[in-house]
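This is a predicted model, so every value here is computed, not measured. Start at 1 and go down the list; that is how both ligands and their atoms are numbered.
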Amino acid sequence: MPRSASWHTPLCLAPPALRPWLTERGSLTARLVAHYPAFSVRVCAQGPAVPHDDEVRAIALARSSQHVETREVLLMSNDTPLVFAHSVLQHRALRSGFRPIGRLGNASLGSFLFATPTIRRSPLAWRRIDARHPLWRKAAQHVAALPARLWARRSLFFAGHDRLLVTEVFLPPFFAAAPAADAAP
Ligand SMILES: C=C(O[C@@H]1C=C(C(=O)O)C=C[C@H]1O)C(=O)O
């Protein structure tokens with residue numbers, strides 16, 4: 001089975017308290033800000049990289065060896081990492097539809113995406129990832145004692161013909177006591 005086919009884990013397998021987070025179609029940043037104190041974005045990496053196997057087709061790359069631009073951040077509450085977010089796009093998209101990403105710094109990507117009415121979003125897809133997946137291993141570089149399996153979601157954002165693939169990995173605070181949809185933890 002191609003790796004790309006595995007982003008189809010049924011949502012009914014997710015812990016009920018996590019589902020509202022996995023299905024949020026508005027800004028995840030805005031939802032986190034509303035539920036957690038002292039929210040911030042910590043940039044872990046930004047720049048050219050080799051795409052993961054399961055990203056190549058999604059962002060319509062001609063070759064898997066082609067370099068892409070990536071941005072990796074931790075979405076934090078005080079010193080606690082909540083979400084590891086990994087975004088990938090073709091270099092040409094950084095020069096056109098997604099140009100502001102190059103100068104975001106510690107501002108949230110969501111603050112640009114959801115303030116730009118011409119940007120459209122694909123349906124969300126979900127999967128559980130473990131140490132075999134590069135995003136689990138990348139998250140583990142920043143977060144100690146990760147559970148063996150983590151829930152992740154991803155979707156594409158479109159600016160004209162340009163595509164941005166955003167994947168969000170939910171970290172231990174969501175498994176210890178996942179906050180309810182309408183209440184602070
Ligand atoms: C896509 C959003 O932006 C969030 C912020 C990100 C960033 O700053 O790099 C990355 C992914 C998201 O978790 C969002 O808020 O929904």
Practice task
Non-hydrogen atoms closer than 4.0 Å to ligand 1: which protein residues do they belong to? List them by chain and number, please.
Solution key: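 Ligand 1 pocket, heavy atoms under 4.0 Å: Ser27, Leu28, Thr29, Val41, Arg71, Val73, Leu75, Ala85, Ala107, Ser108, Leu109, Gly110, Leu113, Phe114, Val166, Glu168.
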Exercise for the section: Give a yes or no on whether a salt bridge exists between Lys138 and Glu72, defined as a side-chain N under 4.0 angstrom from a carboxylate O. Expected result: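 So Lys138 pairs with Glu72 through a salt bridge.
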Exercise for the section: State plainly whether one hydrophobic cluster holds both Val166 and Leu156, where clusters connect Ile, Leu, Val, Met, Phe, Trp and Tyr through side-chain heavy atoms under 4.5 angstrom apart. Expected result: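 Not linked; separate clusters.
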Problem - Asp79 CG: over 12 foreign heavy atoms closer than 6.0 Å - result: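 For Asp79, atom CG is not crowded (no more than 12 foreign heavy atoms under 6.0 Å).
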Handout entry: Heavy-atom neighbours of Arg149 CZ exceed 12 at 6.0 Å
Key =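 Atom CZ in Arg149 is not crowded, with 12 or fewer foreign heavy atoms closer than 6.0 Å.
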Exercise for the section: Validate the cation-pi geometry between Arg127 and Trp7: distance from NZ or CZ to the six-membered ring centre under 6.0 Å, angle to the ring axis within 45°. Expected result: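 Arg127 over Trp7 ring: yes.
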Practice task
For this output row, return yes or no: ring centroids of Trp21 and Phe170 closer than 6.0 angstrom.
Solution key: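 Not close enough - the centres of the two rings lie 6.0 Å or further apart.
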